[in-house]
Amino acid sequence: MGNEPEMALRVEALEAILVEKGYVEPDALDAIIATYERDVGPRNGAHVVARSWTDPAYRERLLADATAAIAELGYGGRQGEHMVAVENSADEHHVVVCTLCSCYPWPVLGLPPTWYKSPAYRSRVVIDPRGVLADFGVTLPDTTRITVHDSTAEVRYLVVPRRPAGTTGWSEERLAAIVSRDSMIGTGLVTV
Amino acid sequence: MGNEPEMALRVEALEAILVEKGYVEPDALDAIIATYERDVGPRNGAHVVARSWTDPAYRERLLADATAAIAELGYGGRQGEHMVAVENSADEHHVVVCTLCSCYPWPVLGLPPTWYKSPAYRSRVVIDPRGVLADFGVTLPDTTRITVHDSTAEVRYLVVPRRPAGTTGWSEERLAAIVSRDSMIGTGLVTV
Amino acid sequence: MNTVADLGGAMGFGPVLPEPEDEVFHAEWERRALALTLAAASPGRWTIDASRSARESLPPGEYLTSSYYAIWIKALERLLVHAGLVGSDELAAGRSLRPGTPARVLAAAEVPAVLATGSRADRPVDPPPRFAVGEQVRTRNTHPTGHTRLPRYARGKAGVVERVHGAHVLPDSNAHGAGERPEWLYTVRFTGVELWGGEADPGLSVEIEAFESYLAP
Amino acid sequence: MNTVADLGGAMGFGPVLPEPEDEVFHAEWERRALALTLAAASPGRWTIDASRSARESLPPGEYLTSSYYAIWIKALERLLVHAGLVGSDELAAGRSLRPGTPARVLAAAEVPAVLATGSRADRPVDPPPRFAVGEQVRTRNTHPTGHTRLPRYARGKAGVVERVHGAHVLPDSNAHGAGERPEWLYTVRFTGVELWGGEADPGLSVEIEAFESYLAP
């Protein structure tokens with residue numbers, strides 16, 4: 001897959017065509033790229049998670065109406081218009097997928113990683129989630145149920161991972177720093 | 001698909017390796033090819049069908065135990081060890097497929113055509129047989145039910161097409177000449 | 001449409017290969033592919049559902065041997081040609097062969113606001129939802145030849161309504177220019193055993209979002 | 001295994017392209033591919049079920065972009081390497097790098113008799129068949145990670161036993177060297193509506209061959 005040498009030329013040609021025909025403004029392309037390389041990424045989600053860990057009232061609002069609670073922190077928009085937050089516990093672990101394409105909560109997690117869009121992940125996580133978690137080095141107790149959220153419409157999911165032991169008294173910023181992207185998809189755990 | 005230039009060299013190399021290592025005798029390869037280019041093909045099945053059209057007792061034996069009835073005419077063996085014959089009528093039309101691979105009744109029809117092994121045929125004939133028949137220029141009345149036989153084990157199917165009107169008194173040989181391969185798979189009709 | 005993109009439950013794709021968090025793009029062309037796909041939608045000649053339909057309708061073998069941004073670009077080319085914005089002769093030539101037609105173009109200054117606003121899929125509808133949270137439902141066993149968002153693995157299966165999301169644009173209609181036809185949207189929860197049989201992980205549940213017409217009582 | 005080779009009901013592959021009756025091979029290498037596949041099985045290091053398993057286990061994108069004789073050759077290479085008859089270094093080199101080991105080799109003189117005899121799949125078993133012609137059965141909803149011959153479209157579906165064929169070698173076991181474990185084999189008939197839902201062709205029936213362990217009463 002990585003070796004698609006022809007794609008560079010193909011995309012370059014398509015861009016040239018669209019710019020020449022006046023359908024695309026090159027500066028807008030740069031602005032889009034800058035947005036997702038600089039501003040919108042998993043640190044947004046980590047902020048949401050850390051706030052939820054430290055502010056019980058915020059946590060309740062997040063679980064009741066994630067779109068609104070996430071907007072409180074200044075995040076929202078494309079591919080995050082209809083958010084649901086699901087919280088991991090010792091009893092239930094949540095994992096998010098889009099088996100049909102690549103639906104993903106951009107405003108809180110940025111652009112999806114390649115593996116999230118791969119046939120390997122999309123095919124297997126709904127039938128063998130523990131096998132997929134093993135690929136990430138994650139093992140859950142058999143007593144932990146797993147709920148897989150297949151994003152088949154415009155609803156997008158943010159997993160609130162379990163707060164690790166040993167973080168009592170940590171600031172929101174310090175907590176946010178340990179919240180990994182994968183933990184907010186459900187393929188990782190947060191550890192200290 | 002047709003343009004697989006590397007396959008010629010790849011097969012040539014594999015043959016050389018197997019011959020050098022003594023696992024394959026080149027003359028045996030030629031003998032296999034000759035068998036299916038010269039001796040075993042759809043004329044065998046056409047013979048069976050024409051006999052069934054002209055000999056009511058044979059027809060009964062064919063529908064009761066196709067493997068034995070086909071053996072009566074000297075045909076049998078690889079990929080025809082367990083034959084079933086199904087007879088088309090105004091009420092019911094039979095079509096044969098192998099959705100999982102390329103199972104096909106070699107002793108009576110020879111090697112399968114490319115389309116029989118293609119994803120287009122294998123995927124669609126079990127859900128939209130009338131659409132597939134249209135690709136062959138065949139239209140059946142809505143009142144004709146269609147039974148699709150998906151060859152998922154070692155049982156192989158021979159379709160006995162309907163004998164066309166205007167063939168009364170024709171010899172077995174003359175009838176056999178109008179029985180097409182496709183009519184014995186169920187994607188064709190016999191016409192005069 | 002039962003496309004190869006409908007991957008749930010398929011096997012044989014090997015292990016999942018994790019990546020570090022900062023490795024979102026693997027080549028410069030992927031950045032441009034992302035940006036082009038977003039910007040080229042600005043003339044408004046297709047919907048997000050039409051673009052998903054275009055991606056999953058690539059030739060199946062090509063879909064499975066293309067990286068995801070390559071899928072996006074190949075689908076974008078088809079959408080542009082189908083919309084009459086770009087000629088297939090121009091794609092073949094690799095350059096513009098005639099002037100464009102007037103179209104709504106995304107300006108750089110608009111980008112932050114456009115991305116931060118997004119585009120909601122919920123719509124007001126008159127009829128109340130047919131199903132309530134906690135209710136048993138069964139997904140329909142449908143095999144439409146057009147776009148749908150009901151995965152094959154979840155068809156004809158019994159589940160429970162977990163959430164009601166309001167009425168949303170129906171992709172099955174909207175993908176083909178047949179209007180938004182909003183329908184109530186539900187999260188439906190299935191046990192792994194219902195979906196995958198008795199040997200499934202007993203602790204597994206899978207949820208999908210299902211439009212009302214995907215469901216029977 | 002839910003592989004991409006399990007094609008029933010998939011969409012997006014375009015029209016079927018009929019061919020004249022005498023057009024069985026399209027290149028000389030296809031003739032050799034056929035003959036090699038048959039002859040190389042002579043040492044008896046794999047079963048027909050193992051070879052089907054090897055074909056459907058090719059990488060999914062490769063399966064869908066290969067012609068059928070190419071699938072045969074790619075699978076044959078894997079079988080030969082797995083059996084220890086050919087080294088992957090030899091495949092890479094394109095020539096033999098060491099002598100072969102003694103093996104049963106098909107002689108040209110044997111070919112007509114071997115092909116005309118074939119190899120039956122039925123085996124005697126003690127227990128009587130569990131199901132009778134005309135009986136209602138339901139296929140199991142199974143998703144084994146190994147080879148199986150129960151297509152996905154026909155899992156968890158209600159049908160009627162149409163024929164009883166005797167006990168046959170079970171591919172699910174035999175493909176993986178776990179023995180023949182013969183089971184009663186049935187033809188099961190489904191309505192199109194049962195398989196594909198209410199919009200299916202009302203005159204459609206589909207029959208499959210199902211091993212006894214694929215069925216529940």
Side-chain angles (χ1 to χ4, degrees), chain A residues 1-2 4 7-8 10-11 13-18 20-25 27-29 31-33 35 42 76-82 99-102 110-111 113-115 117-123 126-127 129-130 132 135-136 142 145-150 152-155 180-181, chain C residues 5-10 13-19 21 24 26-27 29 31-33 35-36 38-40 43 52 55 64 67-68 70 73 77 85-86 90 94-96 100 103 105-108 111-112 115-121 149 151 165 168 185 196 201 203-209:
Chain A
M1 304 281 180
E4 291 175 311
M7 285 308 300
R10 189 163 172 174
V11 173
L14 186 62
E15 179 174 337
I17 293 169
L18 293 175
E20 280 176 65
K21 295 180 84 77
Y23 299 138
V24 155
E25 201 177 277
D27 289 352
L29 302 179
I32 292 168
I33 296 166
T35 299
R78 191 185 174 91
Q79 289 298 308
E81 296 91 344
H82 307 277
T99 60
L100 299 174
C101 52
S102 62
L111 300 171
T114 297
W115 60 258
K117 303 177 282 186
S118 70
Y121 182 71
R122 290 159 55 196
S123 62
V126 287
I127 188 170
R130 288 179 211 268
V132 168
D135 290 342
F136 286 85
D142 286 349
R145 290 175 282 112
I146 298 182
T147 298
V148 180
H149 301 266
D150 188 358
T152 56
E154 299 303 335
V155 179
S180 67
R181 176 192 60 198
Chain C
D6 183 356
L7 281 161
F13 292 96
V16 181
L17 305 173
E19 282 180 315
E21 213 168 288
V24 171
H26 299 84
W29 71 264
R31 289 182 179 80
R32 310 307 288 181
L36 275 176
L38 268 54
R52 289 196 185 116
R55 289 168 198 156
L64 289 181
S67 69
Y68 214 81
I73 285 296
E77 290 173 349
L85 292 177
V86 172
E90 295 177 298
R95 60 193 173 82
S96 171
V105 175
L106 179 69
V111 166
L115 296 179
T117 304
S119 175
R120 296 184 65 95
R149 297 290 292 182
H165 296 283
H168 281 228
L185 181 68
W196 309 114
D201 186 329
L204 170 62
S205 298
V206 178
E207 293 183 1
I208 67 166
E209 266 74 61

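Sequence lines set the chain letters: A, B, ... in the order given, protein chains first and strands last, and positions in each chain run from 1. What's counted below: heavy atoms across the whole structure, side chains too, no hydrogens, waters or symmetry copies.
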Quick check on C:R52 against chain A: is it the side chain, the backbone, both or neither that has a heavy atom closer than 4.5 Å? side chain

What part of A:T35 is in contact with chain C, defined as an atom under 4.5 angstrom from a non-hydrogen atom: side chain, backbone, both or neither? side chain

Does any backbone or side-chain atom of C:T117 lie under 4.5 Å from a heavy atom of chain A? Answer side chain, backbone, both or neither. backbone

With chain C as the partner, which of A:E20, A:Q79, A:R10, A:R130 has the greatest number of non-hydrogen pairs under 4.5 Å? A:R10

At a 4.5 Å cut-off on heavy atoms, which part of C:L17 comes close to chain A: side chain, backbone, both, or neither? backbone

Does any N or O in the side chain of A:E4 come within less than 3.5 Å of the main-chain N or O of C:S67, such that one atom is a donor and the other an acceptor? yes

So, the side chain of A:R122 versus the backbone of A:K117: is there a donor-acceptor pair under 3.5 Å, distance only? yes

Verify, without hydrogens or angle tests, whether C:W196 (side chain) and C:D201 (backbone) share a donor-acceptor contact under 3.5 angstrom. no

With only heavy atoms counted, which part of A:H149 is less than 4.5 Å from chain C, the side chain, the backbone, both or neither? both

Given heavy-atom pairs under 4.5 angstrom as the criterion, report whether the side chain, backbone, both or neither of C:D6 touches chain A. both

What part of C:A27 lies closer than 4.5 angstrom to a heavy atom of chain A: side chain, backbone, both or neither? neither

With the side chain counted from C-beta on, respond yes when C:L185 and A:E154 share a heavy-atom pair under 4.5 Å apart, and no when they do not. no

Strictly by modelled atom types, are C:H26 and C:E19 linked by a side-chain donor-acceptor pair under 3.5 Å? yes

Mutual orientation of the aromatic rings belonging to C:H168 and A:H82 [parallel < 30°, tilted 30-60°, perpendicular > 60°]: tilted

For the student: nearest non-hydrogen atoms of C:G9 and A:V126, plus distance: N-CG2, 3.7 Å

Among A:L29, A:L14, A:D142, A:D27, which residue has the highest count of heavy-atom pairs closer than 4.5 Å to chain C? A:L29

Between A:P129 and chain C, with a heavy-atom cut-off of 4.5 Å, which part of the residue counts as in contact: side chain, backbone, both or neither? side chain

Can a donor-acceptor pair be found, under 3.5 Å and without considering hydrogens, that links the side chain of A:E81 to the backbone of C:S119? yes

Between C:H165 and A:V155, is there a donor-acceptor pair closer than 3.5 Å when you use the side chain of the first and the backbone of the second? no

So which of C:V86, C:L204, C:V24 has the biggest tally of heavy-atom pairs under 4.5 Å with chain A? C:L204

Give, as side chain, backbone, both or neither, the part of C:V16 having an atom under 4.5 angstrom from any heavy atom of chain A. both

Closest-packed option against chain A by number of heavy-atom pairs under 4.5 Å, given C:P43, C:P112, C:A121: C:A121

Quick check for you: among A:I127, A:T147, A:L111, A:T114, which has the greatest number of heavy-atom pairs under 4.5 Å with chain C? A:I127

Can you name the nearest heavy-atom pair linking A:R181 to C:E21, along with the distance? N-OE1, 2.7 Å

At a heavy-atom distance under 4.5 Å, which candidate from A:S118, A:G80, A:G76 has the highest pair count against chain C? A:G76

